[in-house]
Every structure is written in structure tokens, then in C-alpha cells.
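Since this is a predicted model, take the numbers as computed values, not measurements. Remember, it's 1-based here, ligands and their atoms both numbered in the order they're listed. Just so you know, these numbers use all the heavy atoms, side chains as well, and skip hydrogens, waters and symmetry mates.
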Amino acid sequence: MTTEENGSAVPPRAGITATTAYARTTRIDELRAIEYRHLDRDGRVYLDYTGAGVAARAQIVAHHDRLLTDLYSNPHSENPTSEAAGSLVESARHAVLDFFRADPAEYAVIFTPNASGACRLVGEAYDFGRGRPLVLTWDNHNSVNGIREYARTAHAPVRYVPLTGPELRVAEPDVIAALTTARGRLTGIPRRRSSGGSGLFAYPAQSNFTGVQHPLTWVDLAQQHGYDVLLDAAAFAPTNRLDLSAVRPDFVCLSFYKLFGYPTGVGALLARRDALARLRRPWFAGGTIRAVSVQGDWHQPMGDESGFEDGTLNFLSIPDVEFGLSWLGSIGVDLIHSRVDLLTRWLLEHLTALRHRNGRPLVRLYGPATGTARGGTVAFNFHHPDGSLVDERLVAVESAAAGFALRTGCFCNPGAAEAAFGIDQDLLRDSIRTRPETIDQHLATLRLPTGGAVRVSFGLASTAADAERFLAFAESTYLDRDGPTDIRLAPRIRC
Ligand SMILES: Cc1ncc(COP(=O)(O)O)c(C=O)c1O
């Protein structure tokens with residue numbers, strides 16, 4: 001430790017770039033200088049990769065070139081332009097399977113508007129019932145939490161598995177207990193997966209709040225208990241290899257803009273064909289039916305993935321997914337993973353070491369403080385020297401003014417937020433009884449100093465300079481700064 005003039009203890013700043021591990025990832029710096037040059041315009045620093053990935057110049061050029069050199073039209077028609085569009089869509093479907101090493105005989109790719117759309121397809125068509133529960137972890141995005149509404153409508157038990165300990169992880173015995181008791185069986189000797197379908201277990205491979213990576217072995221574990229598994233890979237897939245020949249969830253949801261920035265509006269549900277066959281869609285739409293009669297009040301759904309793709313697909317953007325996947329493949333997911341891992345470890349080490357002059361820590365971290373079993377998402381709050389919290393909305397305003405793109409709030413993950421801020425069930429019950437209409441009213445009843453954190457996340461084009469500049473901003477703005485300020489902050493509008 002060194003002591004600076006003002007007395008604050010600051011650890012010596014080991015340069016990340018000096019390490020051999022970093023040197024092995026310099027291809028990313030080369031790409032950043034050419035393909036991602038627009039990220040650096042006006043001195044901005046992009047640190048919201050869990051929100052959205054960023055697009056390379058080559059992706060935009062490829063889209064532009066394709067649309068200006070040929071004509072593509074509605075793939076439901078039968079003419080040369082629609083066939084051209086249809087064949088690019090099918091090619092993209094195969095590229096998705098290849099990328100995730102999924103056997104086409106085992107998995108289907110259903111294109112959706114985003115990961116949320118994929119969750120909804122499963123939720124609305126899953127055969128929930130009194131004996132077919134929904135089990136899910138507290139740590140889940142709202143787009144997975146929302147499935148509980150379908151389960152409740154079908155009178156299915158809904159059981160949450162809590163987060164425990166300072167790292168906000170899920171304990172495996174708690175998963176097993178939830179899987180066994182949710183169906184009313186208190187003793188659960190795992191039986192071999194037969195046909196599945198006796199309940200749905202939903203969890204994220206990586207938390208979009210804490211960055212925790214929950215074990216992929218729970219896919220098999222839940223299947224052994226007879227459950228279908230929905231693995232939310234939205235935050236995991238952009239910087240980690242997901243190999244569906246090794247781990248075989250029944251359903252996987254993701255959004256492609258999170259992997260490579262462009263296109264938006266296209267996601268996928270990767271579904272095992274046997275699990276897909278058990279879903280019962282609550283409606284039909286153009287493109288999803290083989291035959292239908294109005295007067296006969298009858299319809300016959302398509303038996304494959306197209307039975308789940310409502311209306312006209314985004315046929316001008318889906319081919320960009322194939323380009324994006326090959327772009328990502330050419331950089332290498334493992335290389336991106338290494339770079340993100342290095343930056344995350346470095347930031348964690350230095351951010352958590354920052355101390356005010358009185359010795360109190362600047363930062364309270366939510367989630368693992370080390371790089372083990374976690375991804376590149378780092379959530380925390382700043383604290384004043386007296387221990388009071390720096391409102392995350394103030395950080396949003398000040399970081400934006402300094403050119404940083406980061407995220408503040410609860411990141412649509414209320415379960416992780418409740419665990420992070422220590423909100424227990426009794427407290428929650430009192431608040432909910434008052435029927436708060438806004439998140440601010442809810443927080444006021446809970447008497448919490450905040451309902452939100454600051455989130456910094458790294459991704460495929462992140463560099464050492466991004467991490468270093470954020471750390472410098474944190475030090476120069478919040479170290480030894482007394483609070484609170486009387487700046488009027490905008491109300492929180494969503495969670
Ligand atoms: C873990 C996780 N799941 C699901 C989603 C929903 O993704 P989308 O908004 O693209 O539907 C997100 C979005 O941030 C996420 O981080």
C-alpha cells in the first residue's frame with residue numbers, strides 16, 4: 001500500500017497491460033482501434049455490455065452491402081426474392097446451432113424478438129398444473145420471473161430458491177430441496193430423467209446483477225428430478241462458451257444484440273425438440289399453422305420451429321445474426337472471455353481496495369469479490385466517508401457527464417436486489433400491504449437508503465483503458481467526498 005498526500009490509502013496501480021495474460025489478448029485492442037473506433041468518439045467509455053453488446057463496423061457494412069446488392073421479401077411467399085430471404089433465414093438458423101454446438105436432430109432454433117420473447121414462448125405454452133410446478137432462483141431477470149404468472153394461472157406451485165452468503169450465490173442443497181418439495185415430495189431420491197415435463201426449473205447461467213455464474217451442472221440435476229430446464233443465457237453467452245453438446249437444457253433464451261451489438265430485435269429460443277413437442281401454444285398466428293378453418297373453428301399447428309414463430313420474421317436482420325456469429329467466432333469467445341476476466345479481476349481488486357482517509361471503504365460490492373465463478377458484471381454502491389450511501393441516481397448523472405455509459409438501478413432483477421440490500425420477507429410484506437404504486441414509494445416504506453446499485457460490465461471490445469478510466473473517475477469523484485448533496489434527483493421509474 002502507498003499513502004498519497006491527502007492520506008488516502010491507495011494500492012499501487014499494477015498496470016493490467018504489462019501482464020503476459022493481457023498481451024495474449026491484444027488482438028482485441030487492434031480491433032478496437034479499427035472496427036470499434038466509434039466507441040471512443042468524444043472520449044466516451046462504454047461499460048454497459050450486460051445491457052447491450054457493441055457492433056463492429058464490419059457488421060454494419062455487411063448489412064448495408066447485402067441489402068443494396070439483392071432483393072429480399074416476405075419468406076412466406078413463393079417467389080425468388082422470398083426464397084432468397086427464406087434461405088438466408090435457414091442458413092442463420094444453422095449458424096446458431098453450429099455456434100452453440102447443438103445437434104440439429106436434438107435442438108430447434110426459434111427466432112424471437114429478444115430473450116424475453118423466448119421466455120414468454122415457454123411460459124405461455126408450458127403445461128403447468130398442480131403437480132407441475134415452477135421452480136426458479138431469486139436471481140432471475142424479470143423476463144423469467146414473469147413466467148410465474150402463467151404458472152399461477154394454471155394453479156401450479158411456484159417455489160423460489162434463495163440467494164445466500166456474501167457472494168449472493170445459490171446453495172445446491174437449496175436447489176435440490178426446492179425441486180423435491182415443489183411437487184409435494186419431501187424426500188427426493190432423484191429418479192432418472194424419463195420424459196421430463198413434470199415441472200420447469202428456470203435460472204440464469206450468469207446473473208445480470210452480480211455476475212455470479214450459477215453451475216451448469218444444475219441442468220442435469222433438475223432433469224434427473226424430472227424437470228424441464230429453462231437456462232437464461234442472455235448475460236452468459238456474450239463472453240462465455242455455451243456448448244449444448246455438453247450441457248443440454250430443454251430451453252435456452254438469449255438476445256443477439258447482447259452478443260455482438262447488432263442487430264437488435266432478434267433473439268432465440270433454442271429448444272430440445274422433445275421438450276418443444278410438449279408445449280401447447282395458447283394461440284396461433286400467421287406462419288404458425290399448417291391448416292386452419294374459420295367456419296370449422298379448427299387449426300393444425302406447424303410441427304416444427306415455425307409453429308412458434310409468429311407472423312413474418314425479421315428477415316432483413318436475421319441474416320446479420322449469422323454474420324455476427326461468424327464475427328464473434330473469428331475473434332474467439334475464449335479470447336473475449338480471457339480479456340473480460342482479466343479486466344474484471346483487476347477492477348474488483350482495485351475498486352474494493354479504495355479507502356476514504358478515515359479508513360472506511362469507498363465501495364460496497366454486491367456479489368463475488370474475486371474472479372472465481374463469475375462473469376464481467378460488477379455491481380456496487382459508493383459510500384461517503386461517514387458510511388452513508390451515494391445515491392445511485394447521482395452516480396448516473398455524474399458518470400454520464402464524465403462520458404461513461406454504465407447502468408444504475410436494480411437491473412430488472414428484483415430478487416438479487418432484495419438479497420443485496422438485505423430486504424427480508426417481513427419487511428416486504430409490510431411494504432406490499434401498503435400497495436405502493438412506484439418503486440420509490442416501495443423503497444420509502446422499506447426505509448431503505450437505496451433500491452439501486454451501480455453496474456459496470458465488460459464485453460468483447462473492452463480494453464484496459466476503459467477499466468482504468470473508470471477507476472480514476474471513482475477515485476477523483478467519490479473518495480473523501482462528504483454527502484449527501486442537495487441535488488434534486490429524478491424519481492426512479494422502473495425496476
Ligand atoms: C439475464 C438476462 N435475462 C434476460 C434478459 C432480457 O433480455 P431482453 O431485454 O433482450 O429480452 C436480460 C436483459 O438484460 C438479461 O440480462
Side-chain angles (χ1 to χ4, degrees), residues 46-55 96 110-124 136-149 163 168-170 200-216 218-219 229-240 242 249 251-270 308 310 314 317-318 320-321 324 340 366-367 374-379 405-417 419-420 452-460 494-495:
Y46 189 76
L47 291 170
D48 189 21
Y49 287 85
T50 303
V54 293
V96 174
I110 294 153
F111 286 115
T112 61
N114 45 33
S116 305
C119 293
R120 180 177 170 154
L121 279 182
V122 177
E124 68 183 11
L136 62 178
T137 46
W138 279 6
D139 188 0
N140 257 313
H141 191 275
N142 273 335
S143 299
V144 177
N145 285 322
I147 295 175
R148 74 185 187 202
E149 302 305 306
L163 292 178
L168 302 176
R169 293 190 189 271
V170 178
L200 184 67
F201 175 51
Y203 77 103
Q206 181 172 315
S207 171
N208 71 320
F209 194 115
T210 60
V212 160
Q213 292 185 340
H214 300 292
L216 293 176
W218 292 348
V219 170
V229 178
L230 167 61
L231 183 73
D232 177 357
F236 180 84
T239 58
N240 297 275
L242 179 62
F251 307 106
V252 178
C253 64
L254 50 89
S255 284
F256 290 108
Y257 71 86
K258 290 200 192 283
L259 275 88
F260 34 76
Y262 182 83
T264 51
V266 186
L269 173 67
L270 282 96
F308 290 82
D310 296 331
N314 189 344
S317 291
I318 287 173
D320 296 322
V321 168
V340 165
Y366 306 114
R374 63 127 60 240
T377 302
V378 180
L406 46 74
R407 179 89 174 249
T408 53
C410 92
F411 324 128
C412 300
N413 189 332
V454 179
R455 186 181 78 184
V456 163
S457 52
F458 298 113
L460 88 168
R494 67 169 71 85
C495 176

* Residue list, side chain to side chain contact (heavy atoms under 4.5 Å, CB included) with A416, at least two apart or on another chain -> D139, L163, F209, N413
* Would you please indicate yes or no on a ring centroid separation below 6.0 angstrom for Y49 and Y46? => yes
* Does F260 have its ring centroid less than 6.0 Å away from the ring centroid of Y262? -> no
* To do: Run the numbers on D232 and Q206 for side chain to side chain donor-acceptor pair (under 3.5 Å), then give the verdict.
  => CA-CA 8 Å; D232 177 357; Q206 181 172 315; over 6 Å; no
* When you look at CZ of R169, are more than 12 heavy atoms from neighbouring residues, nucleotides or ligands closer to it than 6.0 Å? -> yes
* **Which atom of S255 lies closest to which atom of A115, heavy atoms considered** => OG-N, 2.7 Å
Present, as a list of atom pairs with distances to 0.1 Å, all nitrogen or oxygen contacts under 3.5 Å between ligand 1 and the protein.
unit_1, atom_1, unit_2, atom_2, d
ligand 1, 3 (N), D232, OD1, 3.2
ligand 1, 3 (N), D232, OD2, 2.6
ligand 1, 10 (O), S255, OG, 2.6
ligand 1, 10 (O), Y257, OH, 2.6
ligand 1, 11 (O), A115, N, 3.3
ligand 1, 11 (O), S116, N, 2.8
ligand 1, 11 (O), S116, OG, 2.5
ligand 1, 14 (O), K258, NZ, 2.7

